[in-house]
There are 2 protein chains.
Amino acid sequence: MNDDPKQLGCDGEVSQAARLAAKLTALSHPARIEILQYLAGNGCCCCKDVVGRFDLAQSTVSQHLKILVDAGLVRFSPEKQRSRYEIDREALAGLSVSVSTLIDSCCAVP
Amino acid sequence: MNDDPKQLGCDGEVSQAARLAAKLTALSHPARIEILQYLAGNGCCCCKDVVGRFDLAQSTVSQHLKILVDAGLVRFSPEKQRSRYEIDREALAGLSVSVSTLIDSCCAVP
DNA sequence: ATCGTTCATCGTCGTTAGACGATGAACGCT
DNA sequence: AGCGTTCATCGTCTAACGACGATGAACGAT
């Protein structure tokens, strides 16, 4: 385990960390955490609902929602007029497992 | 639960999301995830060890380590010459709980 | 005393994030 | 047809990130 020339695996390990980091990036903003909680508490929301809830411009909220959608944490249905945003519970559960796994592996004493 | 004027709690909830977001920001970079794993696997390391492991400049590694330390995920002992960096397992465990709590609360059906 | 190591910090540079207003498309309603 | 709503997108601006090289301090070793 010490004879690696330089960094960390050819692709598998790197992209795994990168994938997790991408999802964590989506979660690493207070507004997005609270938007997620709001979505969770309200099942299904349109952008306007969220806008009315936070002190942010509509474009900003739309951006944050897009980031959450792109990260795969929120599902998006381009409804006719008011698009619907909904928590992706499976994805969130998966992320929870990933984080736990990472942290557990870091906390385990070798 | 719908009569809040605008955003989200006066301070408690907001700063809780902000605090979590701050820690997640530290975790939201592939290099830092891998540095964390490396520290976990090696108990206690100096900066040079990490530098030799990753394909990053010493100053960059030092920066990443500082971010992890500032987030409270890594403990730092300014040893004489080679400073020691060590995983803070308690903090990591606490973060794991925070993330799980957040996600569980988001996955719970109201 | 001098040299090599280690490391934090500074300054720089290019890129991205975060916030906003403005705009225009799509739609419901009258 | 015309109006109001909703929303994604664009452009802009500032601030922060990520990476680097250079520098200097602190220390061990010779």
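Here is how names work: the chains are called A, B, and so on, in the same order as the sequence lines, proteins then strands, and each is numbered from 1. Treat the numbers as computed from the prediction; the structure is a model and nothing was measured.
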[X] [atom1] to [N] [atom2], straight-line distance once rounded to whole Å:
| X | N | atom1 | atom2 | answer |
| --- | --- | --- | --- | --- |
| A/Lys66 | D/dT9 | NZ | C1' | 9 Å |
| A/Leu65 | D/dA8 | CG | C1' | 11 Å |
| B/Asp55 | D/dA19 | CG | C1' | 12 Å |
| B/Leu27 | D/dC17 | CG | P | 15 Å |
| B/Lys48 | D/dG28 | NZ | P | 17 Å |
| B/Gln63 | C/dT6 | CD | C1' | 17 Å |
| B/Leu68 | C/dA8 | CG | P | 13 Å |
| B/Ile35 | D/dG18 | CD1 | C1' | 12 Å |

Does the side chain of [X] get closer than 4.0 angstrom to OP1 or OP2 of [N] through an N or O atom?
| X | N | answer |
| --- | --- | --- |
| B/Ser83 | C/dC7 | no |
| B/Tyr85 | C/dA8 | yes |
| B/His64 | D/dC17 | no |

Worksheet, complete the sentence: Smallest heavy-atom separation, A/Ile87 atom then A/Arg75 atom, equals O-NH2, 3.7 Å
Discussion item. Just to be sure I understand the rule, does A/Ser62 reach a base, reach only the sugar-phosphate, or reach nothing, if contact means heavy atoms closer than 4.0 Å?
Written reply: base
Worksheet item: NA contact type, A/Arg84, heavy-atom cut-off 4.0 Å: base, sugar-phosphate, or nothing?
Response: nothing
Do [X] and [Y] touch side chain to side chain, with heavy atoms closer than 4.5 Å?
| X | Y | result |
| --- | --- | --- |
| A/Gln58 | A/Cys47 | yes |
| A/Val50 | A/His64 | no |
| B/Leu92 | A/Leu102 | no |

Discussion item. I'd like to know if B/Gln58 reaches the base of C/dA8 with its side chain such that a donor and an acceptor end up less than 3.5 angstrom apart.
Written reply: yes
Discussion item. Is it the case that D/dG21 (base atoms only) and B/Ser59 (side chain only) share a donor and an acceptor within less than 3.5 Å, ignoring hydrogens and angles?
Written reply: yes
Between [options], spot the one nearest the side chain of [X], thanks.
| X | options | answer |
| --- | --- | --- |
| A/Arg82 | D/dT6, C/dA19, D/dG18 | D/dT6 |
| B/His29 | D/dC20, D/dG18, C/dA19 | D/dG18 |
| A/Ile67 | C/dG18, D/dT9, D/dG18 | C/dG18 |

Fill in: Which residue lies more 5' along DNA chain C, comparing A/Thr25 with B/Phe76 via nearest heavy atoms
B/Phe76
Worksheet entry | Residue whose closest nucleotide on DNA chain C lies nearer the 5' end, A/Gln81 versus A/Leu56 | A/Leu56
Worksheet item: What about A/Val51 and A/Leu56, same hydrophobic cluster or not, with Ile/Leu/Val/Met/Phe/Trp/Tyr joined at side-chain heavy-atom distances under 4.5 Å?
Response: yes
